[in-house]
Amino acid sequence: MSASTTVRTARRRTLRVAAAALVAAAGLSLTACSGSDASGTKAAGRTDMGTVAESRDAGPSAGSQGAEAKAGAGSKADGKAGAVGEQAARSKAGAPVRTVPLADGISKAEIYKLGDQHYRARIVARGDVLATLETKQRDAGLDANDMFVVLSLDGTVHSWTGGGHQGPGTFKLAGGWTAKVTKVGELHYRAQILGRGGVVYGTADANQQDAGVVANGVYIVLSSGGVISAHA
């Protein structure tokens, strides 16, 4: 091989080595750039996650405020309910709507309105409460030592003395009515109120306490001891 050929061959080898070095350097540079971009993307991802986390952290705070608002509303509602209850209690414990003198000339009835067709009457004599009547979807009656008292559903009180019949038995009453009184048990009597032809128009049931009935303007009391009396 001549000297010139040898020189050309050496130059080619040098160029190939240099080209390979440039390619390797370019590869390293690309790899480094790729790693930098990936790191940047990951960092951005972490930032986004941080933002999401902050948004989520804000959620419970808003929920807490909502819960506090609901709790406040509940407290107000409870307060209103309590106020209504107290007002109703004061109304029931207040003054009577009216006071009515009774037939014995000594006692009187203090009448309290508790609701629609719901009344209470306290029988008072010389400052003492002797008895209490209360309408609960029906009239109420009382035999107070031969003075009879009826408290009707509309809150009116009617009283009279005498005219009692001791049951069991069948008795003529005021207003053309007839009462058939039967004994059901101890301190338990029942009276059928009969009209013309023996038709049953109503029933009074005195079970452990006296009963009252209003029949076409006629007031009837049946005691738990079986005494019945009526007054028109």
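Side chains included, hydrogens not; waters and symmetry mates left out as well; all remaining heavy atoms used.
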Once you round to the nearest 0.5 Å, how far does CG of Leu222 lie from CZ of Arg190?
10.0 Å
Less than 6.0 angstrom separating the ring centers of Tyr219 and His158, yes or no?
yes
In terms of heavy-atom contacts, does CG of Asp154 have more than 12 from other residues, nucleotides or ligands at under 6.0 Å?
yes
Verify the neighbour count for atom CD of Gln209: are there more than 12 heavy atoms of other residues, nucleotides or ligands below 6.0 Å?
no
Got more than 12 heavy atoms from elsewhere within 6.0 Å of CD, Gln137?
no
Do the side chain of Thr203 and the main chain of Gln192 share a donor and acceptor less than 3.5 angstrom apart?
no
To the nearest 0.5 Å, atom CE of Met147 lies from atom OG of Ser229 at 12.0 Å
Testing the 3.5 Å rule here: is there a donor-acceptor pair between the side chains of Glu134 and His118?
yes
Distance in Å, Asp139 CG paired with Ile220 CD1, rounded so as to fall on 0.5 Å steps:
10.0 Å
According to a 4.5 Å side-chain heavy-atom criterion applied to Ile, Leu, Val, Met, Phe, Trp and Tyr, with indirect links allowed, do Phe148 and Val181 form part of one hydrophobic cluster?
no
Side chain to side chain contact (heavy atoms under 4.5 Å, CB included) between Ile111 and Val100, worked out
CA-CA 8 Å; Ile111 304 166; Val100 179; 3.7 Å; yes
Within the distance-only criterion (no hydrogens, no angle test), does the side chain of Asp210 pair as donor or acceptor with the backbone N or O of Asp143 below 3.5 angstrom?
yes
